[in-house]
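The structure is given below, and queries will be raised subsequently.
Bear in mind the structure is a predicted one, so any value in this text is a computation, not a measurement. Position 1 is the first residue of the sequence; numbering continues from there.
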Amino acid sequence: MTMKPLIGIAALAVFATSASAQQTTNNTGIGLSVGIFTPTAAGVKKDIGSQFLSFGLGGASTGRPSDSSITPSYSFIIANGNGNKLFILPLTYGYEYHFGSHSTASTLPYLRPFAGVAYYDYSITDYLSGHQSTKQLGGTYGIEGGILFSHKIKVSATYNYFTQTNGFSFNGLTLSASYSLFNL
């Protein structure tokens, strides 16, 4: 699978979001994140592994918003294990609620409920159901909570609920760190 079209779609969505963003005192930028995804389903853990890499690209606040705002998030969950492979691309929008909005605060806790679509591409041989391979769209929703540090760094925990596909449940927890690269 080629990553260039997916990265292009994600970048286009970030630019479109920044163009229609709410008027706040923050600057919208692009940020990168890296984390560990832990699935909750025992079957997925057995078939692929208990922890996967997660990479993200998305809108990032490089300043302090005067209020909470709608934010995009795009991430890649990638796993290879036991001869099986999994790729999930969740594209979500959520309402990021900040606990406090003082513009000089060095830390700012937040919560972000979200919903969106997810692209699945996997090839898994399960002892109960045999070989399953698919490329399809599904839904996702969940909650993210974390802390924004300074104007560049975010540490978060995210729980994703994914649409079940072919009997597989890819729900799970992601622990990640993000860094804002530049303003748009």
Side-chain angles (χ1 to χ4, degrees), residues 1-17 30-60 70-96 110-146 154-181:
M1 177 175 73
T2 295
M3 296 302 288
K4 285 184 179 182
L6 296 175
I7 292 171
I9 291 168
L12 180 62
V14 170
F15 290 120
T17 300
I30 291 183
L32 294 176
S33 68
V34 65
I36 300 294
F37 176 80
T38 302
T40 55
V44 172
K45 287 181 182 180
K46 179 178 64 75
D47 293 336
I48 302 176
S50 61
Q51 294 183 336
F52 314 156
L53 284 177
S54 173
F55 299 97
L57 169 70
I70 294 174
T71 58
S73 178
Y74 315 96
S75 59
F76 307 98
I77 299 169
I78 303 167
N80 287 303
N82 301 326
N84 299 312
K85 71 176 186 85
L86 169 69
F87 174 83
I88 303 174
L89 172 65
L91 307 169
T92 67
Y93 280 88
Y95 185 77
E96 192 171 300
Y110 73 94
L111 278 178
R112 181 182 172 272
F114 60 85
V117 298
Y119 171 76
Y120 305 101
D121 179 0
Y122 63 86
S123 178
I124 299 173
T125 300
D126 183 70
Y127 295 111
L128 297 176
S129 60
H131 182 75
Q132 300 282 336
S133 181
T134 193
K135 295 178 182 184
Q136 71 180 47
L137 287 177
T140 184
Y141 66 95
I143 186 95
E144 175 183 348
K154 175 169 69 170
V155 176
S156 64
T158 306
Y159 194 85
N160 276 88
Y161 293 94
F162 292 105
T163 305
Q164 195 168 23
T165 174
N166 291 328
F168 293 108
S169 171
F170 298 118
N171 300 343
L173 176 70
T174 302
L175 301 175
S176 64
S178 304
Y179 183 77
S180 179
L181 296 173

Note to self: Using a 3.5 Å distance criterion without hydrogens, assess whether the side chain of T163 forms a donor-acceptor pair with backbone atoms of G139.
What the structure shows: yes
Next item on the list: Can you sort out the partners of A157 under side chain to side chain contact (heavy atoms under 4.5 Å, CB included), two or more places apart, ordered by chain and number?
Entry: L173, L175
Note to self: How long is the straight-line distance from OG1 of T71 back to OH of Y110, given to the nearest 0.5 Å?
What the structure shows: 8.0 Å
Next item on the list: Output the distance between atom CD1 (I70) and atom CD (E96), rounded to the nearest 0.5 Å.
Entry: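 Result: 11.5 Å between the selected atoms.
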Margin query: Go through it in stages, so that I can follow the logic: the residues are Y141 and Y161, the test is ring pair (Phe, Tyr, Trp, His ring centres under 6.0 Å), and I'd like the CA-CA distance, side-chain angles, deciding distance and then a yes or no.
Written below: CA-CA 5 Å; Y141 66 95; Y161 293 94; 4.9 Å; yes
Check: So, for F114 and I143, which heavy atoms are closest and what is the spacing to 0.1 Å?
Finding: CE2-N, 3.4 Å
Note to self: I need the minimum non-hydrogen distance between S73 and R112, along with the two atoms involved.
What the structure shows: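 Nearest heavy atoms, S73 then R112: CB-NH2, 3.5 Å.
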Check: Taking N82 for the side chain and K46 for the main chain, is one N or O donor matched with an acceptor at less than 3.5 Å?
Finding: yes
Item checked: From CG (D121) to NZ (K135), nearest 0.5 Å -> 5.0 Å
Note to self: I need the T125 OG1 to Q132 CD distance, nearest 0.5 Å.
What the structure shows: 9.0 Å
Margin query: Between N84 and I48 (side chain of the first, backbone of the second, donor and acceptor by atom type, cut-off under 3.5 Å), is there such a pair?
Written below: no
Next item on the list: Verify the distance criterion only: is there a donor paired with an acceptor across the side chains of N160 and T140 at less than 3.5 Å?
Entry: yes
Check: So which heavy atom on Y93 is nearest to which on P72, and how close?
Finding: CE2-CB, 3.6 Å
Notebook entry, point to check: At their closest point, which heavy atom of L89 faces which heavy atom of S75, and how far apart are they?
Noted result: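 Nearest heavy atoms, L89 then S75: CD1-O, 3.1 Å.
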Next item on the list: First locate atom NZ of K154, then atom OG of S180, and finally report the distance between them rounded to the nearest 0.5 Å.
Entry: 9.5 Å
Item checked: Gap between atom OG of S33 and atom OH of Y74 - 0.5 Å precision ->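 Going from the OH atom of Y74 to the OG atom of S33 covers 13.0 Å.
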Check: Which atom pair, heavy atoms only, marks the closest approach of V44 to S169?
Finding: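 Closest pair (atom of V44, atom of S169, distance): CG2-O, 3.3 Å.
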Check: Strictly under 6.0 Å, is that where the ring centroids of Y120 and F168 end up?
Finding: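 No, too far apart.
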Notebook entry, point to check: Of the options Y122, F170, F37, F76, which is the one that meets F52 in a ring pair (Phe, Tyr, Trp, His ring centres under 6.0 Å)?
Noted result: F37
Check: What heavy-atom pair brings P39 and G49 nearest, and what distance separates the two atoms?
Finding: CG-O, 3.8 Å
